[in-house]
Structures are given as C-alpha cells and as structure tokens.
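Here's the structure we're looking at; comments come further down.
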Amino acid sequence: MGKKTGILGGTFNPIHTGHLILGEQAMDELKLDKVIFMPSGYSYMKAQSDILPGEHRLRMTELAVSGNPRFEVSDMEIKREGATHTADTLRELKENDPEIQIYYIVGADTLFMMEKWIEPEVIFSNCVVLAAIRDDVDQSELKQKAEQLTERFNARIEVLATSCIDISSRMIRRRISRKQSVRYYLPESVRKYIEENELYK
C-alpha cells in the first residue's frame with residue numbers, strides 16, 4: 001500500500017496557525033506519513049474579489065510549512081485552468097500515484113455540503129474523508145450525516161476531534177486592514193511576507 005497522505009486544501013487567504021495545528025493533529029491521530037497543503041485555484045463556491053492571486057497564497061503556504069519535514073505544498077489546483085473541483089484533484093493524485101491512500105481533511109461543516117459538490121461519488125470513492133470537529137462541539141449530528149453519506153456513497157469517513165483554535169483568515173485580514181497586530185496568529189515568515197508585500201491593506 002502507498003503512503004497515508006493527508007490533503008488539506010483551502011484558499012489559505014492567508015494560511016494561519018490553525019491550519020498548521022489541524023494538519024499536525026490529523027497526522028498524529030491517523031498516523032499519516034505526510035500532509036500536503038493545497039491552495040485552491042479558482043473556487044466556484046467563493047467570490048474571487050477578496051482572494052489574493054494564487055502565487056501569493058502559494059508562497060505564503062510554502063513559508064508556513066517550511067521546517068516541518070512531513071508537511072508539503074502542492075500547486076496542483078493553482079496551476080489548473082478553470083474552476084477548481086475536488087473530484088479532479090483526487091483523480092489526478094490517483095493517476096500520479098495509484099497506491100496513494102488519501103485522507104481528505106475538511107472542517108465538520110463542510111461534510112454537510114459535500115454531496116452537493118461536483119461528482120461527489122468520485123470524491124467519496126477516492127479518499128477517506130477526515131472531518132475535523134472542535135472537541136467542545138456535540139458530534140451527534142455529524143455522526144448522523146456521516147452514516148447517511150456512508151450509506152448513499154459507500155463513503156469512508158473518520159471524525160477528528162481537534163483543539164478549539166479560534167482563528168480565521170477573515171479575522172486576520174480584518175485586523176491587518178485596521179492596522180492591528182497579527183503576530184502569533186500566523187507564522188512569523190508569513191506575517192513578514194504580508195508586511196513586505198503590503199497585502200490586505
């Protein structure tokens with residue numbers, strides 16, 4: 001069998017400490033060999049006006065994960081033309097390495113939307129979905145949804161109880177625009193990159 005590989009996608013606008021802690025906890029809990037951070041390209045589900053160009057988000061992600069030998073970055077979705085679809089990403093990963101065991105890491109709220117994504121049957125057949133839920137949140141609804149998806153799509157879903165890290169990219173952008181400190185909310189290398197490139201002003 002191939003390596004157990006976590007895929008943590010997102011706009012990463014910008015990537016922050018919460019993303020890194022989630023990647024580390026997933027790796028630890030599921031005994032993953034590595035976690036690949038994958039900044040999204042053109043998302044058909046989000047307005048693009050507030051999202052930085054891919055090259056900035058990719059560079060910040062590279063800076064954020066440097067120093068952790070089991071974290072990697074992929075530009076697969078950034079380079080792809082057109083809208084970003086998770087089904088296409090999973091297909092490409094499997095084509096590149098047929099033996100890979102993919103653990104697709106999502107927030108618990110995302111699990112309730114996945115059946116409305118493009119080709120959900122392709123997504124669920126090509127990965128184990130790792131649904132991250134804060135350890136202070138009731139898991140009963142999530143487990144019920146996981147059972148429905150398992151029955152409908154033969155999905156494989158694992159629940160990951162994570163620490164409550166109350167940080168969001170939106171909050172960081174807002175703080176920067178108000179000239180408030182974002183030190184410790186994100187890696188220092190990323191904070192400096194944002195400052196040097198005058199991003200989110």
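Here, residue 1 is the first one in the sequence, and each next residue gets the next number.
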Answer yes or no: is there a side-chain heavy-atom contact under 4.5 Å between [X] and [Y]?
| X | Y | result |
| --- | --- | --- |
| Glu92 | Arg80 | yes |
| Asp97 | Lys3 | no |
| Arg59 | His56 | no |
| Leu22 | Leu160 | yes |
| Leu20 | Ile15 | yes |
| Leu93 | Met76 | yes |
| Leu52 | Met60 | yes |
| Pro14 | Ile194 | yes |

Which atoms form the tightest heavy-atom contact between [X] and [Y], and what is the distance?
| X | Y | value |
| --- | --- | --- |
| Ile105 | Gly6 | CD1-CA, 4.2 Å |
| Ile167 | Gly18 | CD1-N, 4.3 Å |
| Arg175 | Ser181 | NE-O, 2.8 Å |
| Ile123 | Cys127 | O-SG, 3.2 Å |
| Val73 | Pro39 | CG1-CD, 4.3 Å |

Counting only heavy atoms not in [X] (residues, nucleotides, ligands), do more than 12 fall under 6.0 Å from its [atom1]?
| X | atom1 | answer |
| --- | --- | --- |
| Glu141 | CD | no |
| Glu151 | CD | no |
| Phe112 | CZ | yes |
| Asn96 | CG | yes |
| Glu198 | CD | no |

Please check: side-chain N/O of [X] versus main-chain N/O of [Y], any donor-acceptor pairing under 3.5 Å?
| X | Y | result |
| --- | --- | --- |
| Thr5 | Ile102 | no |
| Arg191 | Val182 | no |
| Thr17 | Tyr185 | yes |
| Lys179 | Ile176 | no |
| Asn197 | Tyr193 | yes |
| Asp33 | Lys4 | yes |
| His85 | Ala87 | no |

Determine whether [X] and [Y] fall in the same hydrophobic cluster, where Ile, Leu, Val, Met, Phe, Trp and Tyr are linked whenever their side-chain heavy atoms lie under 4.5 Å apart.
| X | Y | value |
| --- | --- | --- |
| Ile165 | Met171 | yes |
| Val122 | Leu90 | no |
| Met38 | Ile78 | no |
| Val159 | Met113 | yes |

Roughly how far, to the nearest 0.5 Å, is [atom2] of [Y] from [atom1] of [X]?
| X | Y | atom1 | atom2 | result |
| --- | --- | --- | --- | --- |
| Ile21 | Ser163 | CD1 | OG | 7.0 Å |
| Asn126 | Glu121 | CG | CD | 10.0 Å |
| Lys192 | Arg183 | NZ | CZ | 8.0 Å |
| Leu32 | Arg70 | CG | CZ | 8.0 Å |
| Ile133 | Leu111 | CD1 | CG | 9.5 Å |
| Leu8 | Met27 | CG | CE | 11.0 Å |

Next on the checklist: Walk me through whether Arg152 and Phe124 qualify under side chain to side chain contact (heavy atoms under 4.5 Å, CB included).
Outcome noted: CA-CA 10 Å; Arg152 183 175 174 190; Phe124 290 118; over 6 Å; no
Checklist entry - Should Met114 and Lys145 be marked as a side chain to side chain contact (heavy atoms under 4.5 Å, CB included) after you check the CA-CA gap, both sets of side-chain angles, and the distance that decides it? => result CA-CA 11 Å; Met114 289 182 77; Lys145 189 64 188 177; over 6 Å; no
Item to check | Residue from Glu62, Lys34, Glu24 passing side-chain contact (heavy atoms from CB on, under 4.5 Å) with Phe71 | outcome: Glu24
Next on the checklist: Could you walk me through whether Arg57 and Glu77 satisfy the salt bridge (Lys or Arg N to Asp or Glu O under 4.0 Å) test, starting with their C-alpha distance in whole Å, then the side-chain angles of each, then the deciding distance to 0.1 Å, before giving a yes or no?
Outcome noted: CA-CA 12 Å; Arg57 293 182 291 111; Glu77 292 191 347; over 6 Å; no
Checklist outcome for this item: Residue pairs meeting side-chain hydrogen bond (donor to acceptor under 3.5 Å, both in side chains), one or both in residues 99-110, sequence neighbours left out, come to Thr86-Tyr104
Checklist entry - His19 and Phe37: aromatic ring centres closer than 6.0 Å? => result no
